Amino acid sequence: MAIVTKLSITPPAPFDFEFSAYSHGWVVVAPNSWDEEFHKLQRVERLSSGKVVFLEINSSGSVTKPKISIDVNHTGKLSVKAQSEIKAAVALMFRFEEDFSEFYTMCEKRGKPWNRMTAGLGRMLRSPTVFEDVIKTICTTNIQWGGTKRMVEGLVDVLGQSYPADRNLRAFPTPKAMAEAVLETFTDTVRLGYRGDYIYTLAQRVASGELDLEALRDEAIPTPELKKELLAIKGVGNYAAATLLMLLGRYDELAVDTVFRTFVSNKYFAGERPSDDEAKEIYTPWGKWKYLAYWFDLWQGLDEEL
DNA sequence: GTCCAGGTCGCGC
DNA sequence: GCGCGACATGGA
């Protein structure tokens, strides 16, 4: 019943597929998953036609000559339009349009371990739609990582559309599907707690056309203005806005949360607890690349422990 | 049982 | 603008 159509796209070099896929937690949050054995990013995707496909994405090139292969598992015919839509979605997930050369130059100047970044790191994985990233980010606030995964998985299971060849695989729900549900679905069924209202309201605003989240990708919007628009979303505060700015390709702001505070305190303040402003100053030299610098610093710290 | 998490809101000052 | 309590849920 299921057919596989093979597609391939070429990211800008340098590009490290596995580091990019596993750049942060999104890789294991529904409807994404990571195939440990074959090092593939898997994702259930709903196309604009309503067709749901199951994508298996992996590298078929090298860091300097990168290529991404996409195995599209689908039923019926996969139109040319559908194929280009899938390629565009994957290109968005891996930020093909972003240029990291200035950041890499700074890393090169710093020497080790920062120069590791220049081997195609820094492309933090994101979702094909801003809507999905906003909801997932709201689901990371005031909760542990396990709770985030549980809540997003619940949204996908209850409201996401099934892949016909395997009904257990579901895509991230559309704004419309969420808007047409009732509040109790979010609170009582998915158990989103107080976030249920935020997410339901957001879905209604997006579905009605009142709020155009995709418009926030516009590079012409100055970062401070973009931040203001993000903060206007209920459930999005300073931490979530900084996280979303990162997901939108703006790295000026640091996402100050318990992870950030604990890490900076331990690494730079001998366990003493600095003020948030003092903690943020650590990354001031990185200018518009602060978030990436922090993230690599954090990741590098975790890596050394292994 | 108690505390709190990759925080944010609404209020009062 | 800043401080403070409330907030749902489930894991530690």
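Proteins get letters first, then strands, A, B, ... in listed order; numbering begins at 1 in each. Computed from a predicted structure; not experimentally measured. Any value given below was found using the heavy atoms of this structure, including those in side chains, with hydrogens, waters and symmetry copies removed.
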Could you tell me the separation between the CG atom of A:L155 and the CD atom of A:E132, rounded to the nearest 0.5 Å?
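It is 10.5 Å, given to the nearest 0.5 Å.
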
Are A:Y291 and A:Y283 an aromatic pair, judged by ring center distance below 6.0 Å?
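Centroid distance A:Y283-A:Y291: not below 6.0 Å, so no.
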
Would you say the ring centers of A:W286 and A:F296 fall short of 6.0 Å from each other?
no

For DNA chain B, the residues among residues 178-207 of chain A that have a non-hydrogen atom under 4.0 Å from it
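Of all residues in residues 178-207 of chain A, the ones placing a heavy atom under 4.0 Å from DNA chain B are A:Y194, A:Y198.
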
Using a strict heavy-atom distance below 4.0 Å, which residues from residues 231-268 of chain A are in contact with DNA chain B?
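Those residues are A:I233, A:K234, A:G235, A:V236, A:G237, A:N238, A:Y239, A:A240, A:D257, A:T258, A:V259.
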
Using 30° and 60° as the class limits, which term best fits the ring planes of A:F15 and A:F96: parallel, tilted or perpendicular?
perpendicular

Positional range of nucleotides in DNA chain B within the contact set of chain A, heavy-atom, under 4.0 Å:
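Under 4.0 Å from chain A, the extent on DNA chain B is B:dA5 to B:dG10.
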
Taking atom [atom1] in both [N] and [M], compute the distance separating them and give it to the nearest angstrom.
| N | M | atom1 | value |
| --- | --- | --- | --- |
| B:dG7 | C:dA12 | P | 16 Å |
| C:dC7 | B:dA5 | C1' | 13 Å |
| B:dG6 | C:dC4 | P | 24 Å |

side-chain contact (heavy atoms from CB on, under 4.5 Å) partner of A:M117, chosen from A:W289, A:F100, A:F103:
A:F103

Nearest whole angstrom, please: distance from the C1' of C:dG10 to the NZ of A:K149.
15 Å

Distance in angstrom units between A:Q144 CD and C:dT9 C1', rounded:
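Between C1' of C:dT9 and CD of A:Q144: 10 Å.
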
Is there a donor in the side chain of A:S101 and an acceptor in the side chain of A:D99, or the other way round, less than 3.5 Å apart?
yes

On DNA chain C, more 5' by nearest nucleotide between A:N142 and A:G146 is A:N142

Would you indicate whether A:E272, at its atom CD, is surrounded by more than 12 heavy atoms from other residues, nucleotides or ligands within a distance under 6.0 Å?
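Atom CD in A:E272 is not packed in, count stays at 12 or less.
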
Would you say NZ of A:K288 has more than 12 non-hydrogen atoms from neighbouring residues, nucleotides or ligands within 6.0 angstrom?
no

Any ion pair linking A:R170 and A:D157 (charged N to carboxylate O, less than 4.0 Å)?
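No, no charged N to carboxylate O under 4.0 Å.
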
Ion pair check, A:R126 and A:E98, cut-off under 4.0 Å
yes

Hydrophobic cluster membership, with links at side-chain heavy-atom distances under 4.5 Å among I/L/V/M/F/W/Y: are A:L169 and A:V156 in one?
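They do not share one cluster, since no chain of ILVMFWY contacts under 4.5 Å joins A:L169 to A:V156.
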
